[in-house]
Each structure stands twice: as C-alpha cells, then as structure tokens.
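Both backbone and side-chain heavy atoms feed into the values below; hydrogens, waters and symmetry mates do not. Every number for a ligand or one of its atoms is a count from 1 in the order of the listing.
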Amino acid sequence: MSTNYSFDMLKSAVSDGTIDTVLACIVDMQGRLLGKRFHAVNFVEISFEETHCCNYLLATDLEMETPDGFASTSWKSGYGDYVMKPDLTTIRPVPWLEGTAMVLCDVLDHHHHEPVPHSPRNILKRQIQKMNDLGYIPMMATELEFFLFENSFDEIRKNGFRDLTPISGYNEDYHILQTSKEEFIMRPLRNHLYAAGIPVENTKGEAEAGQEELNIRYAEALDCADHHTIAKHATKEIAWAKGHAASFLPKWHKDKVGSSSHVHQSLWKEGQPAFFDAAATNGKSALMDHYMAGLIKYAAEYTYFLAPYINSYKRFMKGTFAPTKTVWSVDNRTAGFRLCGADTKGIRIECRIGGSDINPYLAQAAMLAAGMKGIADALELPPATTGDVYQDTAGGRHIPATLREATETLRNSAMLKEALGEDVVTHYTRAAEWEQEEFDRVVTDWEIARGFERA
Ligand code: ADP
C-alpha cells in the first residue's frame, strides 16, 4: 500500500525497533532536502515539536555560499536560527535507507514563530490557500526527467565532470528492451517511492540515450511538490547506492536533448473538475480559459521559477520538444502550454517550460498566482496555435532566452509582487542576480578552446 505514517504509527515503529532514524528536512530555495538525522527516540519524545537550523539555508546557492544582498540574513545580522517545525502529516518511511523515516518541516521565524515568507513550502501554501478561498482545489502533477550515467557521482567529480557516459547506448524513448537493463535502479525506485506513500504511476525511457522519466499520480499541489522533492532525492540516492549518477541538470551536453519537468494543472471544486465543461469547445470551461490566459500572459515574469540557473536556458532549443514560445495548443508538444485530456474529465493544462531543475513549490506557486490573476481579471484566452510552433510564423511571445532576461522580468513583475509579496520577489531576484554574477566571473572551457591560439 502507498501510505504515509501517522505520528502514532511512527511511535510504534520506533518502539518495536523498525525505525531508529528520523530525517527532519526543510526544502531549500533550490528544492533540495536539507536537515538533520535524529535518533528516532529523541524525535518521537522531544524533537517532533520543533528543531532548528541556521537561517542561511534559505539565502544560499547550490554551493552553500553566503552571498551578500539578502535582507533576511547576513554576516552583519550574525546568521541566526530558524525554527524547523515538523509537519506531522508528512511522516513516511524511507525504505531505501535502513531503519529510516522522514518528516518535512515548515520553516518559522525563531522569535515569533510565523512562517518565513521566502520559504518555498510557505510560498506554495499561501497560493493554495488563496485558491481555496476562491473555492477551488489545485491538482498538479510534475513529471521528472533525468539522465542515468555509467559512473558514480564521485567518479565523475574526480574526473572533472568529463567523459560523461550515459547508461545506455541509444535513444531509449518508450524502449522496453533498454529499460529492462536499467531495472536494477528503476524498479527499486518505483517500489521504494510507492512504499513511502508516493503514488508512482510509471517510469519510461525518454528520448535520448540514458534518459528516464518518472511519473507520479496527480495530487493536491502541496502533496505534489512534496512527492516531487522526495522522488528526486530518492532517484539520486538509489542510483548512488548502485554505483551510478542520476543528473537533473536540464542540459548536460549541447548535442543531447534536455530534461524537463512539465507541470500538469487543473482546478477542482467539490470533487468535480472545474476545468471541464462538456458543452464547450475541447470541453474547456470558461474558468480554464481565464486560468490559461493568466498563465500565458505572465509566463515571462515567472520563467525564473521554471528555469533558475544559467544552464536552464540552454534547454530552450527549437526542435527538441522543449518550448520556445508562450503559446498554447491542443495536444501539441512544440508549444509552451499543451492542452491535455480535451473533452474528458481529465482535462488539464501542461506547462512545458520548466526544466528538470525546477523547485516545484516555487514553480507551482508562481503559476497559481498567474492563473488566479487571469481568473480575477477574466482575461481572454488567445486562440490556440497549431502546427510547428517553433516557426516564427506561429506568433506568440518568446520565453526569456537567458537568466539575465528572466531576472529582469521577475524584478519588474507587479503581478508576482502583489501575489507572493515584494520581499519574496526581491529575495529570489537577488538569488537570480547572484547566480549570474557567479557565472560571469568564470572563464569557460569554450572561451579557452576558441581563443587561446586564434584570438
Ligand atoms: P506526457 O504525455 O506529457 O508525458 P503523462 O501521461 O506522462 O504526460 O503524464 C500525465 C500526468 O498528468 C500524470 O502525472 C497524471 O497523474 C497527470 N494528470 C492526469 N490528470 C490530471 C489532472 N486532472 N490534473 C493534473 N494532472 C493530471
């Protein structure tokens, strides 16, 4: 059975010795799990109430640097603590680690115990609450694409990240033969996640050598983001345990297809799909039209939350199944937004802009904000595009082509400032600037090879 643990179930598992370790984790700005490993007895007796972490964890980068310019913390303010408040509805076994359970924590201010505004879980919770206040429950699914490599993370790092060899020799899109060879990683991944309460639908080979896709059943938005985060973490841990690397870098080679994380979205009311109207064209309700119009109108403003690094923008290439335009289309994989499940109760909009490096909490929150603005302003949905949307004749705005461009659209987004809060937008704009500053300092291999002799 796919199940979470109740706190009582955890206590029994601790007293009968099944569980001896509890991971208490927050989700950071990059969508990673960070936290502590508790002796399970300490957790169920004391630390389930709360624990603490340094507040730089929500003002850092992938390298755990301490950049300046964040209002929330700094060397000057002494890098104090945040409260990690375990969300006891998220306790689950971690079957791929011996004797271990996990709980996700909300991040609260150390002094007044209010949620930290720029904490990704809090940002998403606030948008879900606003949508609930309108009477709707957002249901989401995020696809996870990634590459498996022949060598381990440690071997690859020691080799300077050169000679990356995917685990398979050919494009394995939907291939059963090739993916059978990868079952020693993918089967435990599916089964362990399922046993951890994550409703895995399937895995499949993707459209490149060594590329995989993991699909998880759609769920309420917060659960979906939790599932995504844990599944991504599990993928890396299980691959590592088998001596291989799993990478969610969106574009690891210029000549290879990139990895995405498409986000499927629908709104529900009283158990019924509010995006479905049997009498309307495509079965698409007026509510869905407005939501989609908001998604499309504000796509450039929230692209940073779908593509947060320099590398993310290398994926947006014509003819690779990654989109370049903020247009919508019916079941068409060249558009930024694909209408799926037309004329059925499963009708939903798939945003195809996000790369495999998204933080799902931030991506979903930003899209809910855009969709809600579309509903509030009763925005009119532009007509669907057809055919090869990569062609200039298809019209539509371009997705920001670089992190620099996306940083500026984020910085100037009145919609996001109103929806997420000015402090939150300023915080993530600083993170985006820092990423660009770090890159701008680097002399790349490409420059050396191109100019060393010939410049
Ligand atoms: P693709 O063809 O883009 O690869 P998949 O069929 O692999 O799409 O994935 C479809 C995803 O959409 C699944 O994760 C599924 O749970 C999800 N999904 C199905 N119905 C809905 C819905 N009404 N709202 C949101 N997500 C949905």
Worksheet item: Between Lys130 and Asp133, is a salt bridge (charged side-chain N to carboxylate O under 4.0 Å, His left out) present by the stated rule, with each step listed?
Response: CA-CA 5 Å; Lys130 286 187 197 175; Asp133 293 345; over 6 Å; no
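Judged by distance alone, with hydrogens and angles left aside, the side-chain atoms of Asn4 form a donor-acceptor pair with the main-chain N or O of Thr89 at under 3.5 Å. In this structure a side-chain-to-backbone donor-acceptor pair under 3.5 Å is present from His290 to Leu379. Not a single donor-acceptor pair under 3.5 Å links the side chain of Glu155 to the backbone N or O of Asn151.
Aromatic ring orientation, Trp252 versus Phe147: perpendicular (interplanar angle above 60°, classes split at 30° and 60°). Under the 30°/60° scheme for interplanar angles, the aromatic rings of Phe7 and Phe43 are found to stand perpendicular.
Taking a cut-off of under 4.0 Å to the non-hydrogen atoms of Met139, the atoms of ligand 1 that pass are 25 (C). For ligand 1, the atoms lying closer than 4.0 Å to a non-hydrogen atom of Arg217 are 16 (O). Interface atoms of ligand 1 facing Glu213, defined by a heavy-atom separation under 4.0 Å, are 4 (O), 7 (O). Listed by number with element, the atoms of ligand 1 under 4.0 angstrom from any heavy atom of Glu143 are 1 (P), 3 (O), 4 (O), 8 (O), 9 (O). Which parts of ligand 1 touch Ser266 is read off a 4.0 Å heavy-atom cut-off, strictly below it: atoms 22 (C), 23 (N), 24 (N), 25 (C). Listed by number with element, the atoms of ligand 1 under 4.0 angstrom from any heavy atom of Glu350 are 3 (O). Less than 4.0 angstrom separates some heavy atom of Arg338 from each of these atoms of ligand 1: 1 (P), 2 (O), 3 (O).
Taking any N or O of Lys345, backbone or side chain, none lies under 3.5 Å from an N or O belonging to ligand 1. For ligand 1, the polar-atom distance check against Ile216 finds a nitrogen or oxygen pair separated by under 3.5 Å. Ligand 1 has no N or O atom lying under 3.5 Å from any N or O atom of Gln265, backbone or side chain.
Nearest-residue assignment for atom 16 (O) of ligand 1 (options His264, Glu201, Lys204, Glu145; heavy-atom criterion): Glu201.
In this structure, Lys204 forms a cation-pi arrangement with Tyr174, its terminal cationic atom sitting closer than 6.0 Å to the ring centre and no more than 45° off the ring axis. Annotation: cation-pi geometry not satisfied between Lys232 and Phe146 (NZ/CZ under 6.0 angstrom from ring centroid, within 45° of ring axis).
The closest side-chain heavy-atom distance from Tyr428 to Leu362 is below 4.5 Å.
Annotation: atom 26 (N) of ligand 1 to nearest protein heavy atom, Tyr218 CB, 3.3 Å. In this structure, atom 2 (O) of ligand 1 lies nearest to the protein heavy atom Arg333 NH2, 2.8 Å. Counting protein heavy atoms only, atom 17 (C) of ligand 1 is closest to Ala141 CB, 3.5 Å. When hydrogens are left out, the protein atom nearest atom 6 (O) of ligand 1 is Arg348 NH2, 4.6 Å; that is the closest non-hydrogen contact.
Contact annotation for His227 and ligand 1: no heavy atom of the residue comes within less than 4.0 Å of the ligand.
Among Asp28, Asp87, Asp223, the one residue that satisfies the salt bridge (charged side-chain N to carboxylate O under 4.0 Å, His left out) test with Arg121 is Asp87.
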